[in-house]
Protein chains: 2
Amino acid sequence: MTTNQKFNFRNYVKNTSLTVGVNPVIFSVSEDKLKVLLATFDPRLKKSLPGGAILKNENADDAANRVLQETTGLESIFLKQFHVFSEPDRFSYATVYNELHEESYKPPEDIDIPDRVFTIGYFALVNFDTVHPTGGIINVMSEWVDIDTIPELMYDHNLIIDEALSSLRKELFFEPIGYNLLPEKFTMPELQRIYEIILDKPLTRSNFQRKMLNWGIYERLGERKEGVSHKRPFLYRFDKERYDKAIKTGINFCL
Amino acid sequence: MTTNQKFNFRNYVKNTSLTVGVNPVIFSVSEDKLKVLLATFDPRLKKSLPGGAILKNENADDAANRVLQETTGLESIFLKQFHVFSEPDRFSYATVYNELHEESYKPPEDIDIPDRVFTIGYFALVNFDTVHPTGGIINVMSEWVDIDTIPELMYDHNLIIDEALSSLRKELFFEPIGYNLLPEKFTMPELQRIYEIILDKPLTRSNFQRKMLNWGIYERLGERKEGVSHKRPFLYRFDKERYDKAIKTGINFCL
DNA sequence: TCAAAAGTGTTCGTCCTACACCCATGA
DNA sequence: TCATGGGTGTAGGACGAACACTTTTGA
């Protein structure tokens, strides 16, 4: 036998019309709280995550970066895919219209509306101060919301945020990503707060300091933080070169 | 403003015709080697991973379990999503026809062939002896191949396997999943080989033993392994109850 | 009786924890 | 001068790496 006799194109290509989008869960830290960027599509509806479809010549990462750029203005920041959400009924393009009966939200009948929409969940870490949230292309506005006061959201977006947070915590053990939430120059106490807020548990100051320095991936700068009403802490910077070297020699970032 | 003025359905629904499938990377261990199940669609072509489209009423996990069942006969085994592969040109339905010019592989012109196909990568851990590989619904056959002699595969399947292995290694730090590769009753030396093979590095016998027992998630059975030409090792079984208890009290599975 | 492999114990070093102590700063 | 927070030192304990020793088995 040379040809595969089992194969029949008509059985193989299952024609469920489908769109795949991305939903970045954008984290930042401000006022000692972990925050997530939530979008408002229409003020009368529940909030949702920023998101968008994957366009013709994009891969998923491209799309996530684009959505991030549209809503925060930021490029090339920490962004990582963590899970696909694919329940058959997780999303419907008619939801908004069914809720509000606004003519402009009515799915037109002359274009093919996909039966299903999957979304690829991403999480991103950004420095709060560098972001001026906008609604991007789809939404009216977006805003930071404390992780522990997230309201009920559209679709399965509450679930997506839960999974994003637990993926973020997992990732902390493999990559020292916390510094992405801080400005380029930061102090050890600041970094410690990041870890405490993400992991939601207190860490011992002196030991935290020593561990971070032992990793040898942060460069201590000459300067110290100005304008604090007590001893001025050193400033540090993430050092990519040292990081790459540390990775090669095999390091683990367990806390 | 009540209505979202930015919104226009015609801009929002981007009509790229798209299918999403799953590709489980099925791992097992035999003859002291880590193996992956590879499928042959047509003997004249490169091999590939088992796979299939996500059907109408399935989510991604359902589809992956179905493909696994079709190719191995197994149900409810360890299976975990790890990444979506979404490059615009990663897959084409015409590939096989372009290669072989066999009429039966020609995409019919009267049905809509999707422009793009994404795949969700899964990895699965199975006990070698319980599997009798078949081609499943799509392929002619499937067979176990050593992880370090994987040939060049169709599409981006080599990349998928690489990512699967590194995800498997990562996951070892969060879940003690190695036992899934063994029969229900196993010995500590057997478990140690599993870890050594997956991580591709030797571990110290006595320390490994102690660590596994300290985790307290394996139950030592009364019996010992029969038919070995030296001291007979104890048999153990993974104990779900103890595992759940250990998780609650906060355990980490660092090696 | 012996080789091989399994189980257990011991030593040593490293790292983590907790706490103490001193330093620098603005109020 | 004092309260506050940052940097560093140290004693004690937990744990891992390496290795030694004993036990059990089939050949």
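Sequence lines set the chain letters: A, B, ... in the order given, protein chains first and strands last, and positions in each chain run from 1. Since this is a predicted model, take the numbers as computed values, not measurements.
Once rounded to the nearest 0.5 Å, the distance linking CG of B/L182 with CZ of B/F128 reads 13.5 Å. Note that the CG atom of B/N139 and the OG1 atom of B/T71 stand 8.5 Å from one another [nearest 0.5 Å].
Between the C1' atom of C/dG7 and the NZ atom of B/K225 lies a distance of 17 Å, rounded to the nearest Å. Put simply, CD on A/Q209 is 7 Å from P on D/dT8, counting in whole angstrom units. Rounded to an integer number of Å, the gap from CZ of B/F186 to C1' of C/dA6 is 16 Å. Nucleotide C/dG7 holds its C1' atom 8 Å from the CZ atom of B/R220, rounded to whole Å. Remark: P of D/dG7 and CE of A/M212 are 14 Å apart, rounded to the nearest angstrom. At whole-Å resolution of the value, CD in A/Q192 and P in D/dG7 are 10 Å apart. For A/M188 and D/dT8, the CE to P distance is 11 Å, given to the nearest whole Å. A straight line from CZ of B/F208 to P of D/dC15 spans 18 Å, rounded to a whole angstrom.
Looking at A/Y122, its side chain does come within 3.5 Å of a backbone N or O of A/D61 through a donor-acceptor pair. Looking at B/S86, its side chain does come within 3.5 Å of a backbone N or O of A/A60 through a donor-acceptor pair. At least one donor-acceptor pair under 3.5 Å links the side chain of A/N180 to the backbone N or O of A/I177. One N or O on the side chain of A/N127 and one on the backbone of A/D129 form a donor-acceptor pair closer than 3.5 Å.
When A/F173, A/W215, A/F174 are each tested for a ring-ring contact (aromatic ring centres under 6.0 Å, His included) with A/F253, only one passes: A/W215. Exactly one residue among B/E152, B/E143, B/H157 makes a side-chain hydrogen bond (donor to acceptor under 3.5 Å, both in side chains) with B/K47. That residue is B/E143.
Ring-plane geometry between B/F27 and B/F123 is classed as perpendicular, the angle between the planes exceeding 60 degrees on a 0 to 90 degree scale with a lower cut at 30.
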Does the protein touch nucleotides 14-20 of chain C at the base, only the backbone, or not at all? Give it as B, S and - per nucleotide, heavy atoms under 4.0 Å. --SBBB-
Heavy atoms under 4.0 Å is the rule here; annotate nucleotides 22-27 of chain D 5' to 3' with B where the base is hit, S where only the sugar-phosphate is, and - elsewhere. -BBBS-
